[in-house]
There are 2 protein chains.
Amino acid sequence: MKEQGVHEPAMDLELLFKPRSLAVIGISKDLGRGGGFIWWKIRSQGFPGRVFPVSRSCRELDGVPCFPSITDIRDPVDLAIAAVPAAAVERVLEECAQKGVKFVIVHAAGFAELGEAGKGLQERILDIARRGNIRLVGPNCMGLFCPESRLNTIVEVDPAEAEPGGVAFSGQSGWATEHFVVGGTARGLRFSKVISSGNQADLGFLDFLSYFGEDPSTRLICAYLEGLGEKGRAVLASARRIGRIKPVIVWKAGFSQAGARAALSHSGSVTGNRQVWQGAAKGAGIVQAEGFEDLMDLAVAFSSPPYPRGKRVGIMAEAGGGGISTADACEGLGLKVPVFSPDLQRRLSEFLKDYLPPFSGTSNPLDLVWLPRETALTICTRSLELMAEEVDAVIAMSYLPFVVPEMLTPFLKAVKALRDRLQLPVYLVPPYAAKAVEAMKTLTLAGIPAFPSFERAARAVAATFSWRAWAEREGN
Amino acid sequence: MKEQGVHEPAMDLELLFKPRSLAVIGISKDLGRGGGFIWWKIRSQGFPGRVFPVSRSCRELDGVPCFPSITDIRDPVDLAIAAVPAAAVERVLEECAQKGVKFVIVHAAGFAELGEAGKGLQERILDIARRGNIRLVGPNCMGLFCPESRLNTIVEVDPAEAEPGGVAFSGQSGWATEHFVVGGTARGLRFSKVISSGNQADLGFLDFLSYFGEDPSTRLICAYLEGLGEKGRAVLASARRIGRIKPVIVWKAGFSQAGARAALSHSGSVTGNRQVWQGAAKGAGIVQAEGFEDLMDLAVAFSSPPYPRGKRVGIMAEAGGGGISTADACEGLGLKVPVFSPDLQRRLSEFLKDYLPPFSGTSNPLDLVWLPRETALTICTRSLELMAEEVDAVIAMSYLPFVVPEMLTPFLKAVKALRDRLQLPVYLVPPYAAKAVEAMKTLTLAGIPAFPSFERAARAVAATFSWRAWAEREGN
């Protein structure tokens, strides 16, 4: 396998994510579970390649003939999805090797995560794969999701919602992977390639990271990791190289005693020390997520450049208390909420006095109190433009675009045009928690990163600023 | 006014929250804004008392005759809601005094938050109120929300959703108050009394805290504060006394330089030092919220007793990575995720082997991988019962009740019955971010606190445990 720290060209995983043909092995008549469910989902999602069902118990499904073994298929098969119990994986892999399959995804649990007994089985399947020139995903994983090829074995996203985008993800936990896809889609993220890597017996984060680094569709790389194993140094070296161009966001779990114990029995991973990881990851420019919600927030923030070039945050909100809590959060994160210069304050006040009753919050935060409908858009955009002279990013909240539906599109267009012209990152916080899920999705899909709270928007500013500063120091 | 540190019986605010009759002052023909909107909303929400519209420009609205001044109303008026501009407040208050109104809510901004000029006006209206024996809410506020009396001037909750509950709230920010009502309702919280206190020229947090303390409907008291002013000591003393019976949760904002500046121009508040507040609040047993989302989470957690009697957390989830991240979060908060005793592990394994394929996560976290539909409820409840022997609280996640709608009610019933019988707090994390908003609402309404992430559930365990330990030390 690869030596540590050596830069190799990324392995070509193209046929894993975009196979020309695939076989689903282990299908029973029950299309609601296991291989049957995977086969049915792949067929219903518009995958353009050929899909062969392999089943020992069924002769045909939905009018499609089943093959008793993958070796009975005459056409070439790029990818096999093995949805058979652990005990059958050796046999299936031998047959895949015989067939000349390039990639096999092994879903079954019951390997290294079970301890010594399972470890032996995992080593045996790895050995079969190597001898057969097969690259393995898993075992103990949920497979992949590749909107470009309309291929999804993670199976909880409506195909209509699964439009391709720039976010790649590699997850050692099926739960984290599934929820990143489902939750991310609901949040307005769009994906290039997602992989649930499980026990990482063969292909692991290092391989996926390298591939995503060279994948032209991928612009942002996210991961959930439990253990790095022996490849830790190589991962850090690759992350540092790739992360200058495509931010690499990692949520590393399993640092607690109980968490480390659980990781060992979950993906068979040894998780390591928190401080060691944090220091090493920081040096490699890895953006460190502090949990699932943070990972989502960061993916949203990094999916919409530009990023702030400095630490100065402007706050513009129809929410006095919201402005105060944003300021608290920003300063707590080492960002600055500078008092606007007397000249800027004078110009803001002069502009605003034609639109709003007298109010006092023009020093930053700019507290807009409550905007009149007819002039809200003018007030927001002109205020942003003025603030841009003295800040590097803006956190903003306005009720109107979310209360008056016909205002939303013009609002988004105007803010986005301004953001791009001024290169001023704008982070939005839609009002009303109840409706915010839909609003955040709309905003993020439109290219404006949106967050459920002012505190989380502040965190996004801090993270994107830090990454940009790191990438510039690294010579970008 | 009140002396610091002296315990007085709570002021009787009954007629503020449950007036027999009220007047809305300052109505134009436009029922979409200002006084007209408040009047229209109050009428449509089923408020049982009499509502008098007072308007200088309209003679009647919707067939209801308007009064040019409150003094023209013959019947007694308990509460006046003044929706007039700042410049008209003095006149309106003089008329309210003449009429013998007991409470006046002053919505207008343009008082102490504007600095010196506004301070003078605020002192003048306070003087009129005192001379006229009127108690003021505001100015610069959004009024109140009292589901028991179907009275709502905060106006963003569907009356059908506004069922009474046990949560009271006092907020110095209109935004925080409105969002706590709207977001809290969507989260499954139900309120007793909510007040937007604004500049707190007269009635302030101390008054509302004392009243909520004696209000039989209120079981939990929440607040958003900017400044405590001179009444800080009295607030702490009251919180300590009341908080032993009814937890007092406070989100205090305005600690940053920019936040303090903004608070001064928002509610005219001087916000003070973070460390001083934190130490004092801790001593008084105040549960300290760290932001808006945390305030909501804590309200949810504390709205559903019992609370944990110790630090030992059991984790049960169909989510290996979720279990690991829960363990990380718990230990990070000083909670314990103990390894189950060999005997308990043996009994768990023996029970589970009849239902699930062999798996390894029985030491805590209990990783249930993926439950079969037919036996999911049995597995969950029996596992909880066994875990209860060695832990003080459980954080749990199961897909099935949320994927198979007909399972939800039996699942909630079973978990709640078990929780109450064993006095074992159970904190749920529904799967799938996209649907979690609705699921959390259902759960919390059913009396089982639910959270958007494992990390936030862990935080809720830590907070409820700490409060219980404090209350017991105080002699409960």
Side-chain angles (χ1 to χ4, degrees), chain A residues 109-110 113-115 156 172-176 179 182-183 185-187 224 226 253-259 261-263 265-267 291-293 296 319-325 327-332 337 339 357-361 363-365 367 369 431-434 437 452-455, chain B residues 109-110 113-115 156 172-176 179 182-183 185-187 224 226 253-259 261-263 265-267 291-293 296 319-325 327-332 337 339 357-361 363-365 367 369 431-434 437 452-455:
Chain A
E113 81 278 9
L114 288 187
E156 273 300 337
Q172 252 180 295
S173 150
W175 164 79
H179 277 67
V182 176
T185 301
R187 187 80 184 267
Y224 166 86
E226 288 171 7
F255 291 119
S256 60
Q257 280 188 33
R261 185 170 79 232
S265 72
H266 176 239
S267 59
F292 182 75
E293 289 182 298
M296 295 268 286
I324 296 165
S325 70
D328 282 3
C330 286
E331 293 192 17
V337 183
V339 186
F359 72 107
S360 52
S363 69
N364 193 23
D367 176 3
V369 190
Y432 303 126
V437 172
S453 71
F454 290 107
E455 288 82 4
Chain B
E113 82 278 8
L114 288 187
E156 273 302 334
Q172 254 180 292
S173 149
W175 164 80
H179 278 66
V182 176
T185 301
R187 187 80 184 266
Y224 166 86
E226 290 171 7
F255 292 119
S256 61
Q257 280 187 31
R261 187 170 75 232
S265 70
H266 175 238
S267 59
F292 182 75
E293 288 181 301
M296 296 267 286
I324 296 165
S325 71
D328 282 3
C330 286
E331 293 193 16
V337 183
V339 186
F359 72 107
S360 52
S363 68
N364 193 22
D367 176 3
V369 189
Y432 301 128
V437 172
S453 73
F454 291 107
E455 287 83 3

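All values reported here derive from a predicted model rather than from experimental measurement.
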- Query: Have A:S265 and A:E113 got a donor and an acceptor in their side chains that come within less than 3.5 Å?
  - Reply: no

- Task: Flag the one option from B:G291, B:S453, B:A176 with the top tally of heavy-atom pairs under 4.5 Å to chain A.
- Result: B:S453

- Message: Holding to salt bridge (charged side-chain N to carboxylate O under 4.0 Å, His left out), I want the full list of residues that pass it with B:E331, two or more places apart in sequence or in another chain.
- Response: none

- Task: Report the option among A:G254, A:A329, A:C330 that has the most heavy-atom pairs separated by less than 4.5 Å from atoms of chain B.
- Result: A:G254

- B:W175 backbone acceptor or donor facing B:H179 side chain under 3.5 Å: yes

- Message: List the residues meeting side-chain hydrogen bond (donor to acceptor under 3.5 Å, both in side chains) with A:T185, not counting sequence neighbours, and say none if there are none.
- Response: none

- Task: Select one option (side chain, backbone, both, neither) describing which atoms of B:A319 are under 4.5 Å from chain A's heavy atoms.
- Result: both

- May I ask you to name which of A:S173, A:A327, A:P452 has the most heavy-atom pairs under 4.5 Å with chain B? A:A327

- A:E156 versus chain B, heavy atoms under 4.5 Å apart: side chain, backbone, both or neither? side chain

- Message: Return the CZ to CG distance between B:R261 and A:N364, rounded to the nearest 0.5 Å.
- Response: 6.0 Å

- Message: At a 4.5 Å cut-off on heavy atoms, which part of B:A263 comes close to chain A: side chain, backbone, both, or neither?
- Response: both

- Item | A:S256 portion near chain B, given a 4.5 angstrom heavy-atom threshold | both

- Once you round to the nearest 0.5 Å, how far does CZ of B:F454 lie from CD of A:E293? 11.5 Å

